[in-house]
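Inspection log for the structure reproduced underneath, given as structure tokens.
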Amino acid sequence: MAMTVQRSAILPIPRSHFLFVIRIRECNETSEKLSKIPKINFTKLFINGDFVEAVSIWDREMGSECNETSEKLSKIPKINFTKLFINGDFVEAVSGKTFDTIDPRTGEVIARIAEGDKEDIDLAVKAARHAFDHGKWPRMSGFERGRIMMKFADLIDEHVDELAGLDAIDAGKLFIPLKMGEIPAVADLFRYFAGAADKIHGETLKMSRELQGYTLLEPIGVAGLIIPWNFPSTMFSLKVAPALAAGCTMVVKPAEQTPLSALYYAHLAKLAGIPDGVLNVVTGFGHTAGAAISSHMDIDKVSFTGSTEVGRLIMQAAATSNLKHISLELGGKSPFIIFDDADVNTAVDLALNAVFYNKAKNNPTGEICVAGSRVFVQEGIYDEFVKQAVKRTKAWIVGDPFDSHVHQGPQVDKKQFERILYYIEQGKKEGATLLTGGNTCGEKGYYIEPTIFADVKDDMVIAKEEIFGPVMSLMKFKTVDEVIERANNTIYGLACGIVTNDLNLSNRVSRSIRAGVIWINCYFAFDRDCPYGGYKMSGFGRDNGLHALHKYLQVKSVVTPIYNSPWL
Amino acid sequence: MAKHGNGNSEYLEKIPDVKFTKLFINGEFVDSISGKTFETVDPRTGEVITLVAEGDKEDVDLAVKAARKAFDHGTWPRMSGFERGRIMNKFADLIEQNLEQLAALDTIDGGKLFSLGKEVDIPSASSMLRYYAGAADKIHGETLKMSMELQGYTLLEPVGVVGLIIPWNFPSLLFFIKAAPALAAGCTMVIKPAEQRPVSALFYAHLAKQAGIPDGVLNVINGFGPTAGAAISSHMDIDKVSFTGSTEVGRLIMQAAATSNLKQVSLELGGKSPLIVFDDADVNKAVELALLAVLYNKGEICCAGSRVYVQEGIYEEFEKKIAEKAKSWVVGDPFDPHVQQGPQVDKEQFEKILYYIEQGKKEGGTILTGGKALDKKGYYIEPTIFTDVKEEMTVVSDEIFGPVMSLMKFKTVEEAIERANNTKYGLAAGIVTEDLNIANRVSRSIRAGTIWINCYFALDRGCPFGGYKMSGFGKDKGMQALYKFLQVKAVVTPIYNSPWL
């Protein structure tokens, strides 16, 4: 069905590219599974200033396929912002260079984005430095900062369709969950930290002598925020909101794969009244713009979410430049432990979500650092679990993220797509049993079937390394001791899932697992108020909660002698 | 009062037996695997005191293995915080019982004033243990108010095996500034003392065992930075390194952490701290404070107040009085109770300070007083004050770690703030004024981790200490230091039928 959509003035996308169909593939095995998928009726959508009728959902037939409709592709929002945002203005890169951002559904170019490099970072840092050293942002009251952040959040809510559309075409994320879940959560995160901005309290100290001492929590200065591509909007807010609340100024570098929404947020920040220079966005690549941030002598702190490899580079650059503070939220290979007393159906649901999420559900594809990719199932229910997990996985629908029936969209880019396929091959070579999936899906776009390996050993590559894709390693265990040991047998320590209703068991295992987040009978139970970050090589520093705010503050102790105090 | 006095030979006799010279691994004193040793030297004479086992990578590996086992399977992180606290208090008792011997070890090993060691350093070390002993059973996570039907709480858990790399300037105090909060947190540890000051740490290890700290919890590896220190920083089984020392070495440690297992790092590095004296100050008191700020511990202290800014109204008087006072300062044998300043820690440091004094002269600074070494054996340097200096000169911009002050004049508060902040460091700052508004304004404006108003070196167990900017990150002392050795775990479950969120 046809739909009029304003397209980017910068890069018109030829109509022919909308006509893209994935070849029929038997992704869905049984009809009975399919019938359980609720029919979701779209309401009208607000796109580019017009209410438009959403694409209707065609009824899925029995034995329906992993596939795609061309019409949904037309929901591309207008792309207004493609330049760097420095000191309150959208500007070209100093070099004049641009790079393409790609629609992972088609592999086609969406827009050309200004490519920032060292010189652009220098300009952005200069603006941020000035805004911090002399501007009003860190000097106004926390209450006032909070008011402006609230305004910013309102604007995000008002532009939810545009923002959801940008992340959908840029990262292959499902449109509806973006619109209903992720983008509103971004606005709420700004509200959470807005409410914290006027509650930044130092302490008075009880000293051992006649001294009066207190601590001040002061903004750390100019922050460099380096954001990954898997949750472009959420990650932007996780870093930017607490830094703003603390009174820092910042240079944000979005991932080169997903630069669009960050520029839109910058535009909204300006509209909300965040002063020029406080929030700068420089799009570009890691080894140029990212490296310039990490090694900059005038950036006081870098907060990074991404791969362990890049985390290392950032920490090294900080060490060799100005010893800036860093916090790293890195990779994971999180265990998901299911005990005999679990309800198998619930456990299967949780386990599938734990690994296929991000491009399944909110952002389906397993492209999430906390993916529960090592699933340990106790022997009493193992066989039943395998049976159900396979059945359920085969009913999983892979396709265009704009389609509301779809469980899982494409992987973010070609590199990631190929990396996942490489790991699947490795799993086969090392002798793991491929229970389901293992192939690409469709002829165009970066679609991969949800894949489950059984008979996986702890030392196989697929059980050790972060794949960042829809690949589950399924393992059987006997005793609690055994599973604690095996679950901890990893260089990572980001998260862990536990499924049991036994209080003693859940207490013991949650204390024993060396990971930053433990989800019992749930997974991905993220919350604004709940600190999130890794143990071991998953990094250090916390996002979310007041711990994240404290990351952007530093402690100053102030001491004076006291005379004739009635008590110490 | 004596002039640049010098040590009386009788004090040289007070050399204690050095009982412990080997590595302390898993509760035992052992030779290094290589069998190598190195000399530790008495800075009063430049003579060798004893040979100390020289640990290297293999020895660090053994120590980490012991610490790993003690953490992963041992009783220390599994006993209650209260019990850990009891053992730490016992440890503190033992330190006090061996006070004289410990103070003497730090004196012969580093030229620290014996009386100061006995009255301040060693008692502070045991008090530090007691402070954190009392905190060990007060490690509280939080319950969370979630936005959905979820029950969430945080646990603060020990970070694991920690590497503690200690500088030579306060061997006893810094040993416990690092080890006490790590012990309270339930961590196990490998400690590398400075190669210049290896002996008291071994004595502490011995006392730790006597106090009942389980084998493997506290290991001491003596040795050198490029070998033992590097092995700690790059070790794949150490979860955290806490370091106090130079900015250069801080960089190396952070790089090693980045390229190995991404261990957490906290760094307490150099400083070039300003002391700002305003017109309303009592000049006599200000002079005393300024001298203390730069000459305490021979200037071998990272938070030394080595840039002194005096407002123009009292500058002339201040300059005159400080010169007089500095000239009567007594430099000599640290065992002599009349002595105010002992020798610098070693030859390298001694020569580095003299180099900076030469640089200061070359760059056009005027020597108000001092400016050379004492004409006697040992590493003694006169208290030295430069005037006519500017922020861009090396004597003003670089950390000297010796008794060298840069004295400067300023007019306005704005000027003082700007010049005081004109440094890559941000460890501490001193302010002398009775004016509340100036004190408030300046203490907020200076980018430094500690502000002392009308006092200096007012360090306190309960008061966080650590840098802004290139002075590092992570705090020592206070509850902040305990949190450094803890990590946050969030635990979340769904809740059903809760009456409220």
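A, B, ... follow the sequence lines: proteins, then strands. Residue 1 opens every chain.
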Verdict with supporting geometry, B/Ser147 and A/Asp527, side-chain hydrogen bond (donor to acceptor under 3.5 Å, both in side chains): CA-CA 7 Å; B/Ser147 58; A/Asp527 197 277; 2.7 Å; yes
Atom group of A/Tyr535 that falls short of 4.5 Å from chain B, counting heavy atoms: both
A/Phe540 and B/Lys263, any side-chain heavy atoms less than 4.5 Å apart: no
Proximity breakdown for A/Ala515 and chain B, heavy-atom pairs closer than 4.5 Å: backbone
Interchain contact, B/Lys475 with chain A, by part (heavy-atom threshold 4.5 Å): side chain
Interface residues of residues 427-443 of chain B facing chain A - non-hydrogen atoms under 4.5 Å apart: B/Asn440, B/Ser443
A/Asn507 portion near chain B, given a 4.5 angstrom heavy-atom threshold: side chain
Proximity of residues 316-324 of chain A to chain B, residues having a non-hydrogen atom under 4.5 angstrom: A/Gln316, A/Ala318, A/Ala319, A/Thr320, A/Ser321, A/Asn322, A/Leu323, A/Lys324
Option in B/Arg444, B/Lys424, B/Arg461 with maximal non-hydrogen atom pairs under 4.5 Å from chain A: B/Arg444
Under 4.5 Å from any heavy atom of chain B - which part of A/Leu313: neither
Flag side-chain contact, heavy atom, 4.5 Å: B/Leu144 against A/Pro531: yes
B/Tyr131 versus chain A, the contacting section by heavy-atom distance below 4.5 Å: neither
Region of B/Glu142 in contact with chain A, defined by heavy-atom distances below 4.5 Å: side chain
Per-residue contact mode, A/Leu328 against chain B (heavy atom under 4.5 angstrom): side chain
